[in-house]
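For the numbers below, each heavy atom of this structure counts, side chains included, while hydrogens, waters and symmetry mates do not.
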Amino acid sequence: MTVGSMENVEVFTAEGKGRGLKATKEFWAADVIFAERAYSAVVFDSLVNFVCHTCFKRQEKLHRCGQCKFAHYCDRTCQKDAWLNHKHECSAIKRYGKVPNENVRLAARIMWRVEREGTGLTEGCLVSVDELQNHVEHFGEEEQKELRVDVDTFLQYWPPQSQQFSMQYISHIFGVINCNGFTLSDQRGLQAVGVGIFPNLGLVNHDCWPNCTVIFNNGKIELRALGKISEGEELTVSYIDFLNVSEERKKQLKKQYYFDCTCEHCQKGLKDDLFLGVKENPKPSQEVVKEMTQFSKDTLEKIDKARSEGLYHEVVKLCRECLEKQEPVFADTNLYTLRMLSVVSEVLSYLQAFEEAAHYARRMVDGYMKLYHPNNAQLGMAVMRAGLTNWHAGNIEVGHGMICKAYAILLVTHGPSHPITKDLEAMRVQTEMELRMFRQNEFMYHKMREAALTNQPMQVMAEPSNEPAPALFHKKQ
């Protein structure tokens, strides 16, 4: 049996949750339970010229489809592989005279595949696109309006010679995209570049403290175990970031996915005391805590505005002031303190003020370690960034320790073949070598490091963006 085949799971009715998937055998951390290629997928509107429409890799130079001038590919191989899915799209774009939005493009690709293969189960799928949930009946006024606009555009874009579908079916497909669309990231997993439909993944239910994680790697998603999973146990992933109080997570899940979360962490409010943590000695009054919470919220709004305008020194100033005010009131696991630490360490790294950034990054990681599941992918990425920042600052021991820790997490969440894990392995080897030199002769180590940095400028951190890390599922916020 191949690793990660669909024989590892079976569909069952999960109490109060509808369908779900459970394991048919035992799994351990880092096991791939199954891998799945997209039923259909498209590149985001904003990135159509920068990302290959077949493999979703970001490339400097892409070949353009000579017919529609819209689709872009790495090379002839990717272009050839795309033709089956692009053929109808290509002529539809030429006929329509413009390119519709990503939702309409994805809906059309799904329906061309349905036209080609029928509505039944496709090979390797446990569920057909027809059977996926659409939640159209739960749409609010705004969503209904957007749906009507998308359906109208679709009807103009859809070629008259293609199979004609009912309005109800077209709405169903848009609903499926709305609540089952999975975010595709670039090859290093750092930027969201597209959206796809993965029917099997659509069966995996949510838990705020899940036993699995999903990663997009080399053209397919992998469902990976985060720890020991027993035979017969339900498989779960988290649809949203855990870093929020249970009440807020429940609100977000209800608004975006139309269900009430009944996971243990939400029911018992686990870790909420840490998310709202305040100093113990002396303990601040409720009034002071309330004022500080409001001040932190206001500051975050100012920070977002300054970031969007590229005023990074202003961002740093706002963060420093806020952290200083929070110091006597909030504990280091408090959400508002962590949000400040995350922003300030990222922006200072970008500005190459590595020593100050390293100090904040260490505090942030200490907080995260008390909150996240030990094998959480976002924790791994945060620890990796903090390790890099500390290495840049010359804190070789701390930097190496964090890089090792991040590597251990990403081996579970991303696996050894993922490009970011490979990058991390190279960094781990390099920092280990440097650490050995440092311990043998500290003076010589600093001399050599200075010389190396003078000759070869270090790779500067990417410009901070207002975009959060790619979310698991593609939802309009």
Side-chain angles (χ1 to χ4, degrees), residues 208-209 238-256 260-261 263-309 311-348 356-357 359-373 376 378-379 382 385-386 464-469 471 475 477:
C208 291
W209 197 260
S238 181
Y239 295 176
I240 58 171
D241 185 15
F242 177 66
L243 222 61
N244 220 332
V245 288
S246 53
E247 215 39 60
E248 287 302 315
R249 288 199 309 270
K250 281 163 85 166
K251 262 192 229 162
Q252 192 184 345
L253 288 161
K254 183 73 172 170
K255 182 173 170 241
Q256 294 184 8
D260 296 301
C261 187
C263 80
E264 189 187 9
H265 275 66
C266 281
Q267 281 188 328
K268 296 182 179 170
L270 300 179
K271 303 219 180 230
D272 282 358
D273 55 336
L274 292 173
F275 286 135
L276 302 169
V278 294
K279 286 276 158 68
E280 280 303 316
N281 265 331
K283 201 168 184 170
S285 68
Q286 275 183 308
E287 194 51 45
V288 168
V289 170
K290 205 171 142 191
E291 276 173 25
M292 187 47 64
T293 302
Q294 194 51 54
F295 176 75
S296 302
K297 282 181 182 170
D298 295 345
T299 305
L300 280 167
E301 275 182 30
K302 288 179 194 165
I303 285 169
D304 281 347
K305 188 173 181 297
R307 272 180 101 162
S308 65
E309 292 166 12
L311 304 171
Y312 296 125
H313 290 282
E314 178 63 18
V315 170
V316 171
K317 188 166 147 284
L318 286 163
C319 288
R320 278 192 196 126
E321 282 170 10
C322 192
L323 283 162
E324 207 176 304
K325 281 203 165 79
Q326 287 174 345
E327 182 60 38
V329 182
F330 289 160
D332 253 9
T333 55
N334 187 288
L335 274 178
Y336 291 106
T337 298
L338 286 172
R339 281 178 191 155
M340 290 297 158
L341 291 170
S342 169
V343 172
V344 77
S345 58
E346 186 194 353
V347 173
L348 284 166
E356 192 184 352
H359 160 71
Y360 290 128
R362 282 210 293 270
R363 279 180 62 191
M364 175 189 77
V365 164
D366 288 346
Y368 281 179
M369 299 285 250
K370 293 176 184 138
L371 296 166
Y372 275 120
H373 184 290
N376 179 290
Q378 271 151 314
L379 172 65
R385 283 194 294 271
S465 79
N466 247 353
E467 296 293 307
K475 287 294 295 185
Q477 297 298 325

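Residue pairs meeting the side chain to side chain donor-acceptor pair (under 3.5 Å) criterion with at least one partner in residues 324-339, sequence neighbours excluded, are K279-E327, S296-Q326, Q326-T337, D332-R363. For residues 270-304, the ring-ring contact (aromatic ring centres under 6.0 Å, His included) pairs, not counting sequence neighbours, are F242-F275. Residue pairs meeting the salt bridge (charged side-chain N to carboxylate O under 4.0 Å, His left out) criterion with at least one partner in residues 266-277, sequence neighbours excluded, are E264-K268. The list of side chain to side chain donor-acceptor pair (under 3.5 Å) pairs with a residue in residues 283-293, not counting sequence neighbours, is empty.
Salt-bridge check for E321 with K302: failed, with every basic side-chain N at 4.0 Å or more from each acidic carboxylate O.
With sequence neighbours excluded, the residues that form a salt bridge (Lys or Arg N to Asp or Glu O under 4.0 Å) with K251 are E248. With sequence neighbours excluded, no residue forms a side-chain hydrogen bond (donor to acceptor under 3.5 Å, both in side chains) with D366. In this structure H373 satisfies the ring pair (Phe, Tyr, Trp, His ring centres under 6.0 Å) test together with W209, sequence neighbours excluded. Legend: residues meeting side-chain hydrogen bond (donor to acceptor under 3.5 Å, both in side chains) with Y368, ordered by chain and number and at least two apart, are absent. Legend: residues meeting side-chain hydrogen bond (donor to acceptor under 3.5 Å, both in side chains) with D298, ordered by chain and number and at least two apart, are Q294. Shown here are the salt bridge (Lys or Arg N to Asp or Glu O under 4.0 Å) partners of E280, two or more places apart in sequence or in another chain: there are none. Every salt bridge (Lys or Arg N to Asp or Glu O under 4.0 Å) that K254 has, sequence neighbours left out, goes to D260.
Across every non-hydrogen atom of C261 and K250, the tightest pair is O-CE, 3.9 Å. The minimum heavy-atom distance linking A386 with A361 is given by the pair CB-CB, 3.8 Å. When all heavy atoms of H265 and C208 are compared, the pair lying nearest together is CB-CB, 4.5 Å. Minimum heavy-atom separation, M340 to C322: CE-SG, 3.5 Å. When all heavy atoms of S246 and C266 are compared, the closest pair comes out as CB-CA, 3.9 Å. The two atoms that bring G367 and L338 nearest to each other are CA-CD2, 4.0 Å, heavy atoms only.
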*Apply salt bridge (Lys or Arg N to Asp or Glu O under 4.0 Å) to E309 and K305, showing your working.*
CA-CA 6 Å; E309 292 166 12; K305 188 173 181 297; 2.9 Å; yes
_side chain to side chain contact (heavy atoms under 4.5 Å, CB included) assessment of M292 paired with V278_ = CA-CA 11 Å; M292 187 47 64; V278 294; over 6 Å; no
*Does the side chain to side chain contact (heavy atoms under 4.5 Å, CB included) test come out yes or no for V343 and L318, once each step is laid out?*
CA-CA 10 Å; V343 172; L318 286 163; over 6 Å; no
*Show the numbers, then the answer: is there a side chain to side chain contact (heavy atoms under 4.5 Å, CB included) between Y239 and R249?*
CA-CA 10 Å; Y239 295 176; R249 288 199 309 270; over 6 Å; no
*Please lay out, stage by stage, how L323 and F330 fare under the test side chain to side chain contact (heavy atoms under 4.5 Å, CB included).*
CA-CA 9 Å; L323 283 162; F330 289 160; over 6 Å; no
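Rounding to the nearest 0.5 Å gives a distance of 9.0 Å between OG of S342 and CG of L243. The distance from atom SG of C319 to atom CG of L300, rounded to the nearest 0.5 Å, is 8.0 Å. Atoms CG and CG, from N376 and L371 in turn, are 10.5 Å apart once rounded to the nearest 0.5 Å.
You'll find the side chain of V329 reaches within 4.5 Å of the side chain of V289, heavy atoms only.
Across E301, E346, E314, a single residue satisfies salt bridge (Lys or Arg N to Asp or Glu O under 4.0 Å) together with R307, and that is E346.
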